[in-house]
**Student:** 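Right, I'll just put the structure down here and ask away after.
Everything numeric here is computed off the predicted structure, so don't read it as measured data.
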Amino acid sequence: MDKFESQRVMSGTQGEIWIEGKYMAEVTAFNAEIKLIKEEVNQVKTMFKQYKVVGCEGTGNVKMNHVSSYFINLMADNIRKGRQTVVTIRAKLDDPDAIGREEVIIRDATFDKLTLMDWEAKKLTEDDYDFTFTDFEVPVTAVA
């Protein structure tokens with residue numbers, strides 16, 4: 001593709017996620033990223049800092065319209081028993097105007113909190129959950 005075509009820009013409106021195989025139609029935003037953990041490498045005769053990657057950290061966030069007690073049902077019993085809730089999240093962005101689609105499978109995801117209740121008069125309710133993860137897979141990538 002030699003020329004930029006604005007209709008090819010992917011729209012987040014076409015995004016979807018599944019948590020533990022359950023389709024989450026109420027999702028409004030999703031983010032997952034990997035931060036590289038680096039150590040500084042010192043060297044003589046150079047003014048620039050140099051780095052070596054020594055690890056990585058997976059983090060993300062999911063926002064949804066609050067329509068059910070999904071997260072309470074998913075995590076409450078494990079929290080009371082001192083167990084960690086570990087899930088698989090599949091996210092897909094498939095805009096019909098774009099070239100190809102993008103998909104990622106997040107493995108070993110654990111949420112950072114459980115909101116029991118959060119509301120305010122004259123405002124829509126929303127679930128907002130940060131998570132960490134330890135593995136991922138990219139089964140389909142965008143066509144270049």
**Student:** Using side chain to side chain donor-acceptor pair (under 3.5 Å) as the criterion, list what pairs up with N31, not counting sequence neighbours.
**Tutor:**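 With sequence neighbours excluded, N31 shows a side chain to side chain donor-acceptor pair (under 3.5 Å) to no residue whatsoever.
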**Student:** Verify, without hydrogens or angle tests, whether E20 (side chain) and T88 (backbone) share a donor-acceptor contact under 3.5 angstrom.
**Tutor:**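 Side chain of E20 to backbone of T88, a donor-acceptor pair under 3.5 Å: yes, one is there.
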**Student:** Distance from T134 atom OG1 to D108 atom CG, nearest 0.5 Å?
**Tutor:**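 Separation between the atoms: 3.0 Å.
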**Student:** State, with a plain yes or no, whether a side-chain heavy atom of M75 is found less than 4.5 Å away from one of F111.
**Tutor:**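 The answer is yes, as the side chains (C-beta and beyond) meet within the 4.5 Å cut-off.
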**Student:** Do NZ/NE/NH1/NH2 and the carboxylate oxygens of R101 and E103 come within less than 4.0 Å?
**Tutor:**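 Yes.
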**Student:** So, the side chain of T28 versus the backbone of K63: is there a donor-acceptor pair under 3.5 Å, distance only?
**Tutor:**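 Flag set: sc T28 to bb K63 pair under 3.5 Å.
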**Student:** Take the angle between the ring planes of F133 and F136 and call it parallel below 30°, perpendicular above 60°, tilted in between.
**Tutor:**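 The rings of F133 and F136 stand perpendicular, inter-plane angle above 60°.
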**Student:** With a 4.0 Å cut-off, would you call K92 and E102 a salt bridge?
**Tutor:**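 No, K92 and E102 are not salt-bridged.
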**Student:** Among side-chain atoms of Q43 and Q50, is any donor-acceptor pair under 3.5 angstrom?
**Tutor:**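 A donor-acceptor contact under 3.5 Å links the two side chains.
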**Student:** State whether the side chain of Y129 and the backbone N or O of T115 hold a donor-acceptor pair below 3.5 Å, judged by distance alone.
**Tutor:**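 Indeed, once roles are kept as given, a pair shorter than 3.5 Å links the two residues.
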**Student:** Hey, are T132 and T110 close enough side-chain-wise for a donor-acceptor pair under 3.5 Å?
**Tutor:**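 There is such a pair (donor and acceptor under 3.5 Å, judged by atom type) between the side chains of T110 and T132.
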**Student:** Find out whether L74 and V87 are in side-chain contact, i.e. whether some heavy atom of one side chain is under 4.5 Å from a heavy atom of the other.
**Tutor:**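 Contact flag for L74/V87 side chains = yes.
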**Student:** Any side-chain donor paired with an acceptor under 3.5 Å for E16 and Y23?
**Tutor:**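 Their side chains do contain a donor-acceptor pair, which is all the 3.5 Å distance test asks for.
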**Student:** Has S68 got a side-chain atom pairing as donor or acceptor with Y70's backbone, closer than 3.5 angstrom?
**Tutor:**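 Between the backbone of Y70 and the side chain of S68 there is a qualifying donor-acceptor contact (under 3.5 Å).
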